[in-house]
Protein chains: 2
Amino acid sequence: MPASARPKTRAAASPRRTPSPRASRKPATVAQIVGVLRARIARQDIPPGAKLRETDLAEEFGVARTRIRDSLAALEQRGLVERIPNRGAVVTRLDLSQVFHIYELREVLEGLCARLATERTQPERWQRELELFQGPMKELIASNELDLYIERYEALRRALIEAAGNPLLAEMLDTIYEKTQVLIRRILILPGRAEIGRQQHVAMLEAMVRGKAELAELRRREGLKSARAHLEKFQKYIL
Amino acid sequence: MPASARPKTRAAASPRRTPSPRASRKPATVAQIVGVLRARIARQDIPPGAKLRETDLAEEFGVARTRIRDSLAALEQRGLVERIPNRGAVVTRLDLSQVFHIYELREVLEGLCARLATERTQPERWQRELELFQGPMKELIASNELDLYIERYEALRRALIEAAGNPLLAEMLDTIYEKTQVLIRRILILPGRAEIGRQQHVAMLEAMVRGKAELAELRRREGLKSARAHLEKFQKYIL
DNA sequence: GTCAACACTTTTGTTGACAAAATTCCTGCA
DNA sequence: TGCAGGAATTTTGTCAACAAAAGTGTTGAC
């Protein structure tokens, strides 16, 4: 009854007793691989237009090709990679029109995010952030410490998304943000842009501290509209 | 001959000359399978909470299980299906909070869509649609021909998305719309809702015909806000 | 009669091999 | 030398078998 089963083909032996013969590490999950690849693309470790060979990646991560394949499919869904049938996956190169499309979306989505965050938290919640952007952040811009500035800017961004409490919105903002991440530095060094952006953040945070949700939305939208205008003006320096 | 062979490396023969031994059709692509499954889920052919067994689907579509697997991964990314490790994929059951999150997003995204569509077309472009919603659509509601009404409503929707000319926006609207598709009928039969919705569409189209992009955005947002309010009021009849 | 442990079945997850397409490299001809 | 044609190699796509996990049914002790 129990044995005798398995009548297919394939003789019994097949002693595959080595889970990972090369690395002695437990194999990376799809999520981990996607994370690593995302980071590399974001910091242009892998430049736009570069090809991602499945075999190479499989070897590097010490996993079967199937898992790399799944990871690439995930990256494709996120729009970070383009796959051409029988040709493989290449890092998407974003052109100017795409950037503007992204800004159109950011305008309404981050506006919504600001409104929801205001509605769903106590106004005092944002006092600290307001003071940060009124004082220390101004210094950072003046002394050109962009890395620290960006780090704190992203912290505010994450706090707003968290406070908005809409997972779908969070995911969409994530998707479009990671595409422009490579641009942030280049935009921030445009003449005057960083300081203008800071002032607009102060304006938005003031509205939030006063509990004016719709005003906060409006101010965030204005901020992004002006960022887009700046971008339009200096587009040849960006891409 | 068939068994016992296949030593390891790649002997010459290997006569797998039957591409699809069962169906005599060429196998369906991942995109096709995803399409079929999407439709089934949308019209609740497969009810929420139902399990999708890979083996069954593979048999039905006449493809290898791998391809079904890829399709399910795509559906998972779209949020139509949830996958639990070693347990399989089940159709996502959307709860009330998710629905409200979706409406928050629709409000700003469809508002943006209306604005862009207005900015990027000639005002006359929308004259026909305006007349349709002023006249014939009113009759359809009065005589309760919901199917035809929905069909034309979706045609307008598609036209707006097309005219807006922002692929990213189009994709996002698609993603969130297909999740609520199952609800549309149930919302439309709420007392008075269909007629109110029609009037709001007329208001938006009037703005568009006059070339007032920002007004069109505002009106679309108002329309969805009121839809959400209606939903809140009658939520127990919806879910 | 109830419940826990165990064996069996079903279903999902992963792997390596094979097939097909595209690219590269080589050869022969003008 | 330049290049068209074609073999050889690389690379992606697909498949069926194998392994592991969860689910199910049965038996036996109390």
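Every chain is numbered from 1, with letters handed out A, B, ... down the list of sequences.
At a cut-off of 3.5 Å, with distance as the only test, no side-chain donor of B/E232 or B/Y103 sits close to an acceptor on the other residue.
Every pair passing salt bridge (Lys or Arg N to Asp or Glu O under 4.0 Å) that includes a residue from residues 176-185 of chain B is listed here, sequence neighbours excluded: B/R38-B/E178, B/R78-B/E178, B/D147-B/R185. Applying the salt bridge (Lys or Arg N to Asp or Glu O under 4.0 Å) test to pairs two or more places apart or on separate chains, those with a residue in residues 92-106 of chain B are A/R120-B/E104, B/R106-B/E110.
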Inset, instruction - Taking Watson-Crick and G-U wobble pairs with both distances under 3.5 Å, convert DNA chain C into its dot-bracket string, 5' to 3', dots for unpaired and | for cross-strand pairs. - result: ||||||||||||||||||||||||||||||
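When the P atom of D/dT11 is taken as reference, atom CZ of A/R87 falls 13 Å away, rounded to whole Å. Rounding to whole angstrom units, CD of residue B/E54 and P of D/dA17 are separated by 17 Å. A/I84 has its CD1 atom 11 Å from the P atom of C/dA22, to the nearest Å. What separates CZ of A/R53 from C1' of D/dT9 is a distance of 13 Å, to the nearest Å.
A donor-acceptor contact under 3.5 angstrom links the side-chain atoms of A/R65 to the base of D/dG13.
Scored by the side-chain hydrogen bond (donor to acceptor under 3.5 Å, both in side chains) test, B/Y149 finds no partners at all (sequence neighbours excluded). Residues satisfying the side-chain hydrogen bond (donor to acceptor under 3.5 Å, both in side chains) criterion with B/R67, sequence neighbours excluded, are absent altogether.
Distances were taken from every side-chain heavy atom of B/T55 (C-beta onward) to each of C/dT12, D/dG23, D/dT12; the shortest belongs to C/dT12.
Projected onto DNA chain D by closest heavy-atom contact, B/N86 and A/L52 fall at different nucleotides, the more 5' of which corresponds to A/L52.
Only B/T66, B/R67, listed by number, bring a heavy atom of residues 66-77 of chain B to less than 4.0 angstrom from any atom of DNA chain D.
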